[in-house]
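Computed from heavy atoms alone, side chains included, the values below leave out hydrogens, waters and symmetry copies.
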Amino acid sequence: MAKSGFESLLEALRASGMNTDDIGGATASAGAGAKGSSSEGGSGAGDAKGGKGSGGPATPHIDLSFLDDVHGPKGKGGWIALIVVALLVIAALYWWFHPAISINSGGLWSAVGVICLIAFALIWYRYQGYKNGSGKVEKSPKKAKRTKWLLVVPVAVIAAGLLGALFSNAIVPGNAEKYSSVLKTDELAFAEDIKEANYSEIPVIDRNSAILLGNREMGSIPEYVSQFEVSDLYSQINYHGEPVRVSPLGYADLFKWFTNRDAGIPAYSLVNMTTQDSEIVRLGDNPIYYSQSEPLARNIDRHVQLKYPFYIFDELSFEIDEDGHAWWICPVRTFTIGLFGGYTIDRVVLCDATTGECTELAVQDVPQWVDRVYPAELLLEQYNWYGSYHNGWLNSFLGQEGVVMTTPGTDGSAGYNYIAKDDDVWVYTGVTSATADNSIIGFVLVNQRTQESHFYSVAGATEASAMESAEGQVQNLRYTATFPLLINVANQPTYFMALKDGAGLVKKFAMVDIQRYQNVAVGDTVAETQTAYEALLATNGVLSNETDLTDVEEITGTIEKMAQAVIDGNSHFFLTIAGQDGLFDFALPGLLEVVTYNVGDQITFTYLATEGSNQVYSIIGPDGEKVATASGEDNAEGQQVDEDAQQDADAAPEQAA
C-alpha cells in the first residue's frame, strides 16, 4: 500500500539522523489498522521502521489537562489562580479610575447595574440548563429551584437603585419643599447692602481675558515655555483684598513630565482682575508636586480620592493662601434627598499642593483665605430649586405662580459673574420669570465660602439685553461685551462690563442702568466711564439727590458764549465760562432756567466733568437755593400748580352754569 505523505516525511527525517520517536506521540489504536494493526500478530509498518508498535504517528494535539470538560479551572488551585488574577485586575482598574465608593455615587450604581445585568443573564442561562437539561448540564429540579432564588439578588440590587433614584425626585410628596430649602435666601435692600463701587475690588476683565494675559506672560520666561504650560483652571479668588485669578503650570506633555517630575512644577500664573497685571510667580523651595497634569500617583484627583475613598468630591479648585502657598480645595458632596437628590457641600478637604498632606474640615471651620467651597454652578442650581419648587412641585410646571430662575448666559449656559464683598467672592446672577423674557425681577448674590444668599428686588433688563445695548454704543468698532458685573453707582444698580476687540483685548468699558438700559455710558477708563454715567443719570432725571453724585463740582462765573443745539431730539444750551476750559451742557427742559441768562451775566451751577463737555446738574439762584435741576424736580411743584389752575379754569364755566 502506498505510504502517506506524513509517513514519507518521517522516513526522510530518520534518514537524516533525526530521532522522530516522540513526534506527535502515539496514535489512537483505532486508527492504526492500515499500518499493521489489522491483524493481531502483525507488528505493522511502524515496528519495521523503528516505531513503538503503536501503529504509526498520531496527529499533533494541545494538552488542556489543566481544565476539565465542564467546570472551567480544574481543581481548587485553578480557581484560586483565576480569582487572584481577577482581583489584581479589579484593583488596577480601581486605582486608575478611582471611583467613589459611596451609596450616593451615580457612577458606582451604573457599574453595579451593568454587573447585575451580566450576572442575571449568566444565572438565567444556568437556571434554564438545570430546568430543561442542555448539553452537558443534566436536568436537576433541585438545582433549578436553588438557582432560581439566586436571580433575586441582581434584581433586588437594581430595584434598590431605581427606588433610590425615584425617591430623589421632586415629584415625591415632601421633596419639593426639601429642594426649595437647600439654599436659604434673604431679601435685602440694594442701596443699603451693596456699598458704592470701589474700583480696586471690581474685576474689569473676564476669565477669557485673564487666560490671554497669563499665557502671554508665560512667554517672558523662556526656561519654562518648552517644559510647562499654564493650566486653564484660573480660579477667581481674593488675594490681599484684590480679585485675582490663579492657575498652576502643568507639564507640557508626558515626556516633559518624566524629565521634570522630580523637581515638580516651579510656578503658577497670577492675573490681577482690576489692574490687568499678570505675572508668573516662582515657588522656590515649595514647588507643586500634586497637580492635575500628573498622570500617576501624584495626580491630585487620584491622590485625594484614594485617601478618602468613601467621599464624593465636587470640582476641585486651585487657590493660594495669603502667603502665596499653593493649595487644592476639594469640596465633599452630601445628598439630602433620596440617594441622589438635593446635593450640597458639608465638608472640605484642603490638600497642600507641595506635600500632598490633607486636612479635612467642616464648612464652618474653613479658614477665611479659602474663597471657593461651593462651586458657582452648584449655587445657581440650588437657587433654581428654590425658584421652581417653593410653591410646590405641581405649580412648577402648571400654574407657575411665582416660579423664577436664574438668567442664562449669551451661549445658553448658566450666566453669572463674581464680585468681591466682605473679603469673600460672591456669585452674581440675575433672576427672571419662568417665561424667560428679556427682563429681570431682581438679582441674587451667593457667598462661595459660606453659602450665604441675598436677593435684591430690582426690575430691569437682563444681562444679555444690557450687553447688546452696550455693544450698540460702539457698533462701528465691533467690540463685544463681557458678561456684566453688578455694582452700585450713585445708589443705582448698574451693569458694568468690558468691551473687547476681536483679539480678546479690553479696549473700553461700559455702564448700563439696569432699570433703564437705554442709559449707556462708555469710556476708555473705569473712572471716565463712571463720570460719564453719572452725568447721564443726572441729565435723564434718574438722580434726584445731588449727594448721590461722586464728582459733582460747583462753579460761579461770567458767561462768555451761549449756543443752542438739538441732540437726539433733545434741546441743549452750551455755555462757556470766563477763565474755565470746556463747554458746559444745560439739558432742557430740566434746566430751562438757563434761557433767562445772557452773555455777560454771572451764573452759579453744579456740574459733572466729562470728556468733551461738562454735564450741568443744577442752577443755583442768588439766594444759594437751586432754581432748576437736570431732573426737573424743582419745576415739578410749579408745574403741578399750573395744572391745578388750569383745571380750576376749566371747571369755572360748569360751576357758573
Side-chain angles (χ1 to χ4, degrees), residues 190-191 194-210 212-213 236-245 270-278 416-421 423 425-426 428 443 445 463 466-474 477 479-501 503-514 516-517 519-540 542-543 548-553 607-615 617:
F190 172 80
I194 305 297
K195 298 178 182 178
E196 287 268 356
N198 180 356
Y199 294 107
S200 66
E201 299 177 352
I202 294 179
V204 300
I205 57 176
D206 61 0
R207 180 176 178 272
N208 292 333
S209 297
L212 286 175
L213 294 173
Q236 180 161 328
I237 63 172
N238 272 3
Y239 182 57
H240 295 313
E242 295 183 334
V244 301
R245 284 190 181 268
L270 185 147
V271 180
N272 190 305
M273 303 294 285
T274 58
T275 64
Q276 303 185 55
D277 294 331
S278 61
Y416 62 92
N417 213 325
Y418 304 96
I419 66 172
K421 181 174 177 285
D423 198 30
V425 176
W426 296 65
Y428 151 78
F443 53 89
L445 295 179
E463 295 92 340
M467 292 167 67
E468 292 175 357
S469 183
E471 290 170 353
Q473 292 292 105
V474 290
L477 300 174
Y479 292 163
T480 57
T482 60
F483 195 85
L485 284 172
L486 176 75
I487 62 175
N488 181 346
V489 179
N491 287 328
Q492 298 297 315
T494 301
Y495 287 130
F496 172 80
M497 66 201 80
L499 297 170
K500 302 192 297 184
D501 62 12
L505 301 177
V506 175
K507 295 298 185 181
K508 289 181 178 293
F509 303 96
M511 291 184 182
V512 182
D513 187 353
I514 288 182
R516 309 161 190 83
Y517 69 100
N519 290 338
V520 183
V522 176
D524 293 328
T525 65
V526 177
E528 179 184 316
T529 306
Q530 180 190 8
T531 302
Y533 178 68
E534 289 181 342
L536 184 65
L537 295 181
T539 301
N540 292 336
V542 176
L543 299 181
D548 291 338
L549 302 174
T550 58
D551 298 320
V552 65
E553 298 180 36
Y607 71 97
L608 292 167
T610 59
E611 184 179 8
S613 63
N614 302 300
Q615 303 292 325
Y617 178 75

Considering all heavy atoms of both residues, which atom of [X] and which atom of [Y] are nearest to each other, and what is their separation?
X	Y	value
V271	S278	CG2-CB, 3.9 Å
A532	A521	C-CB, 3.8 Å
A191	N491	CB-OD1, 4.2 Å
Y428	L445	CB-CD2, 3.5 Å
M497	A481	SD-CB, 3.6 Å
E471	T480	OE2-CA, 3.6 Å

Do the side chains of [Y] and [X] get nearer than 4.5 Å, heavy atoms only?
X	Y	result
P493	N488	no
Q236	R207	no
V506	V204	no
F496	V489	no
V526	I202	no
E463	N417	no

How about E534 and Y617: does a side-chain donor come under 3.5 Å of a side-chain acceptor?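 Result is no, nothing qualifies.
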
Donor + acceptor pair across side chains of Y607, E553 (<3.5 Å):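 There is such a pair (donor and acceptor under 3.5 Å, judged by atom type) between the side chains of Y607 and E553.
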
Which distance, rounded to the nearest 0.5 Å, do you find between the [atom1] of [X] and the [atom2] of [Y]?
X	Y	atom1	atom2	result
I419	I194	CD1	CD1	5.0 Å
D513	Q492	CG	CD	6.0 Å
I237	Y418	CD1	OH	12.5 Å
Y495	Y533	OH	OH	11.0 Å
T274	I205	OG1	CD1	8.5 Å
L213	M273	CG	CE	9.0 Å

CA sep, side-chain torsions, deciding dist, call: K500, N208, side-chain contact (heavy atoms from CB on, under 4.5 Å): CA-CA 11 Å; K500 302 192 297 184; N208 292 333; 4.1 Å; yes

Any donor and acceptor pair, going by atom type alone, linking the side chain of [X] with main-chain N or O of [Y] inside 3.5 Å?
X	Y	answer
D501	G504	yes
T482	D206	no
T494	M511	no

With sequence neighbours left out, what residues match D277 under salt bridge (charged side-chain N to carboxylate O under 4.0 Å, His left out)?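 Residues passing salt bridge (charged side-chain N to carboxylate O under 4.0 Å, His left out) with D277: none at all.
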
Heavy-atom count check: over 12 atoms from other residues, nucleotides or ligands less than 6.0 Å from Y239 OH?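 Count over threshold, so yes.
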
Are F443 and F190 near enough that their ring centres are under 6.0 Å apart?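 Centroid separation for F443 and F190: below 6.0 Å.
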
